[in-house]
Amino acid sequence: QVQLVESGGGLVQAGGSLRLSCTGSQRTFSNYAWAWFRQAPGKEREFVAGRALSSGTLEYADSVKGRFGISRDYAENMVYLQMNSLKPDDTAVYYCAAGILGSVVRSPRAYRYWGQGTQVTVSS
């Protein structure tokens, strides 16, 4: 059973930075495609960034491109979401997800495994 646990959320002022971490069980990030999603109150869960399993291709939502970056530490079975130049619109619960996918898929329905989420609040 794959388990994902996010950490690193918090309250930050606009323009600030945060780094979210996601720890996976087993060899999650070596065996699955993975991605970060977020969900703001009253809105649908949306894709933030992700990595394809086979090609290693990274993709980012247009809203975060140039500000956010994803990376991984396979030895520690962890992946990260570095968030810079944060805006109030980035306020949301951020989720780590994994799934058996051949490419980066932006629909949350495609991912089988999810963490519990971590809250990010950006004040203006």
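Positions are given from 1 along the sequence.
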**Request:** List the steps and the verdict of side-chain contact (heavy atoms from CB on, under 4.5 Å) for Asn77 and Thr23.
**Result:** CA-CA 6 Å; Asn77 211 25; Thr23 303; 5.5 Å; no

Cluster link [X] to [Y], ILVMFWY, side chain under 4.5 Å:
X      : Y      : value
Val48  : Val104 : no
Tyr32  : Leu58  : yes
Leu101 : Tyr74  : no
Phe47  : Leu20  : no
Tyr60  : Val120 : yes

Taking the side chain as every heavy atom from C-beta outward, state whether [X] and [Y] have any atom pair closer than 4.5 Å.
X      : Y      : result
Val79  : Cys96  : yes
Ile70  : Tyr80  : no
Arg106 : Glu59  : yes
Leu4   : Trp114 : no
Leu86  : Leu18  : yes
Leu53  : Phe29  : no

So does [Y] get a backbone contact from the side chain of [X], meaning a donor-acceptor N/O pair under 3.5 Å?
X      : Y      : result
Asp90  : Lys87  : yes
Asn84  : Phe68  : no
Glu6   : Cys22  : no
Ser55  : Ala52  : no
Arg72  : Met78  : no
Glu46  : Phe37  : no
Tyr111 : Val105 : yes
Gln26  : Gln1   : yes

Restricting to non-hydrogen atoms, name the atom on [X] and the atom on [Y] that form the minimum distance, rounded to 0.1 Å.
X     : Y      : answer
Leu11 : Ser123 : CD1-CB, 4.3 Å
Ala14 : Pro88  : CB-CD, 4.1 Å
Arg67 : Ser85  : NH1-O, 2.9 Å

**Request:** Measure from the ring center of Trp34 to the ring center of Tyr113 and say whether it is less than 6.0 Å.
**Result:**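 Distance test on ring centres: not under 6.0 Å, no.
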
**Prompt:** Quick one: does NZ or CZ of Arg45 land under 6.0 Å from the six-membered ring centre of Tyr95, within 45 degrees of the ring axis?
**Reply:**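 Satisfied, under 6.0 Å and within 45°.
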
**Request:** Give a yes-or-no answer on whether the side chains of Arg38 and Tyr94 include a donor-acceptor pair shorter than 3.5 Å.
**Result:**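 Yes, a side-chain donor-acceptor pair sits under 3.5 Å.
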
**Prompt:** Among side-chain atoms of Gln119 and Thr121, is any donor-acceptor pair under 3.5 angstrom?
**Reply:**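 Result is yes, a qualifying pair exists.
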
